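If you're wondering where the values come from, they're calculated on a predicted model, not measured in any experiment.
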Amino acid sequence: MIPLTGLYWDPEFYPNPEQFNPENFSPEKIASRPEGTYLPFGDGPRLCIGMRFGVLQSKLALILLIKDFRFTLEESSKGKPLEFARGMFLTSPKDPVMMKATKM
């Protein structure tokens with residue numbers, strides 16, 4: 001089992017890992033990192049068979065949501081540092097991150 005969280009939070013591969021930076025996933029940045037430092041669907045002969053469908057489905061859902069709604073943080077979630085729960089299989093926040101969706 002590969003400790004993906006350890007890879008994704010390593011400042012050697014992802015500067016300022018606690019800050020979301022979409023540029024980390026640009027083709028140039030991906031090409032500058034060693035192969036195997038981003039494995040959302042596994043790798044090699046056991047690569048997830050549903051990878052393309054999963055990516056397409058996620059993009060479509062985001063497009064449909066962003067097209068009709070504006071998302072903002074609820075006051076209860078503002079100013080709190082994001083902490084992650086330990087011992088979880090998937091990376092999950094320790095406390096809920098509350099969002100407000102406003103129809104545009």
(message) Clusters formed by hydrophobic residues whose side-chain heavy atoms approach within less than 4.5 Å: which one holds Met51, and what are its other members?
(response) Phe41, Leu47, Val55

(message) Which Ile, Leu, Val, Met, Phe, Trp or Tyr residues join Leu56 in one cluster when any pair of side-chain heavy atoms under 4.5 Å counts as a link?
(response) none

Please list every donor-acceptor pair under 3.5 Å in which a side-chain atom of residues 57-76 meets a protein atom from a residue at least two apart or in another chain.
residue: Ser58; atom: OG; partner: Gly54; partner atom: O; Å: 2.9
residue: Glu75; atom: OE2; partner: Lys78; partner atom: NZ; Å: 3.2

(message) Please list all pairs meeting salt bridge (charged side-chain N to carboxylate O under 4.0 Å, His left out) that have one or both residues in residues 32-48, counting only residues at least two apart or in different chains.
(response) none

Identify each donor-acceptor pair in which a side-chain atom of residues 90-97 lies under 3.5 Å from a protein atom, sequence neighbours left out, and give them as a table.
residue: Ser92; atom: OG; partner: Leu90; partner atom: O; Å: 3.2

(request) Check whether more than 12 heavy atoms from other residues, nucleotides or ligands sit under 6.0 Å from atom CE of Met98, and answer yes or no. (result) no

(request) Would you kindly confirm whether Leu39 and Ile30 end up in one hydrophobic cluster when ILVMFWY residues are joined by side chain heavy atoms under 4.5 Å apart? (result) no

(request) Please tell me if the side chains of Phe13 and Tyr38 come closer than 4.5 Å, counting only heavy atoms from C-beta onward. (result) no

Distance-only donor-acceptor hits, side chain of residues 15-28, under 3.5 Å, sequence neighbours excluded:
residue: Asn21; atom: OD1; partner: Glu23; partner atom: N; Å: 3.0
residue: Ser26; atom: OG; partner: Glu23; partner atom: O; Å: 3.1
residue: Ser26; atom: OG; partner: Glu28; partner atom: OE1; Å: 3.4
residue: Ser26; atom: OG; partner: Lys29; partner atom: N; Å: 3.3

